[in-house]
Amino acid sequence: MTVEKYLRSLVFGLDLPIEILERASFSPMEVGLEPIELDDDVQDLLQDEDSQKRLDYASSTVYYSVLGVFAGGGYSEQVGDVRVSRGGYTITMADRARFQTLADNLRLKHGFEVEGASEIGGMFDARYLRGK
């Protein structure tokens, strides 16, 4: 299985754009590791501790990337008598919490810092700004 297929499989039912996967593949550079190639074989990477760190870091980036997604629309297309439909997806708050935990655990496993809620689309309380 390639790294691209592996990263796509992390979030079942969500068709991740290639740009998200490319961003994830370069994300290990944020912590001084070499980027990971999307066409590398995952089995080869699991043999080496440094490569495993890179794969885990890229995986955590995918999980963090989907935290800002709540819903995606579906679409339908008709050509002649044939109609094709594709349903949307919904990411609940429970899904968000699970993805946050998965991402955090992968980073903590190798001693990397985790991203805070404000960095990944968490809520900001601006009530104190009202009335000024």
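Because the structure is predicted, anything quoted here is derived from the model rather than measured. Note: hydrogens, waters and symmetry copies are ignored here, and every other heavy atom, side chains too, is used.
We find the CD-CG distance between Gln100 and Leu102 to be 10.0 Å, quoted to the nearest 0.5 Å. Here the straight-line distance linking atom CD1 of Ile20 with atom CG of Asp15 works out to 11.5 Å at 0.5 Å rounding.
Looking at Ile18 and Leu38, their side chains come closer than 4.5 Å, going by heavy atoms from C-beta outward.
Contact check on Arg107 versus Asp56 returns no salt bridge, with no Lys/Arg side-chain nitrogen under 4.0 Å from an Asp/Glu carboxylate oxygen.
Counting only distance, with no hydrogens or angles, the side chain of Asp104 and the backbone of Thr101 share no donor-acceptor pair below 3.5 Å.
Leu106 and Leu46 end up in the same hydrophobic cluster when Ile, Leu, Val, Met, Phe, Trp and Tyr side chains are linked at under 4.5 Å. Criterion: ILVMFWY side-chain heavy atoms under 4.5 Å apart, direct or through other members. Under it, Val31 and Ile36 are not part of a common hydrophobic cluster. In this structure, Leu33 is not a member of the same hydrophobic cluster as Leu7, with clusters built from ILVMFWY side-chain heavy atoms closer than 4.5 Å.
For residues 5-51, there are no ring-ring contact (aromatic ring centres under 6.0 Å, His included) pairs, not counting sequence neighbours. Residue pairs meeting the salt bridge (charged side-chain N to carboxylate O under 4.0 Å, His left out) criterion with at least one member in residues 26-51, sequence neighbours excluded, are Arg23-Glu30.
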Could you walk me through whether Asp95 and Val66 pass side-chain contact (heavy atoms from CB on, under 4.5 Å), step by step? CA-CA 10 Å; Asp95 292 330; Val66 299; over 6 Å; no
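Scanning both residues, Arg54 and Pro28, for their nearest heavy atoms gives O-CG, 3.6 Å. Between Ser27 and Ala58, the shortest heavy-atom distance links the atoms OG-CA, 3.7 Å.
Under the 30°/60° scheme for interplanar angles, the aromatic rings of Tyr57 and Phe112 are found to stand perpendicular.
Evaluation of the side chain to side chain contact (heavy atoms under 4.5 Å, CB included) rule for Thr2 yields Glu4, Lys5 as partners, not counting sequence neighbours.
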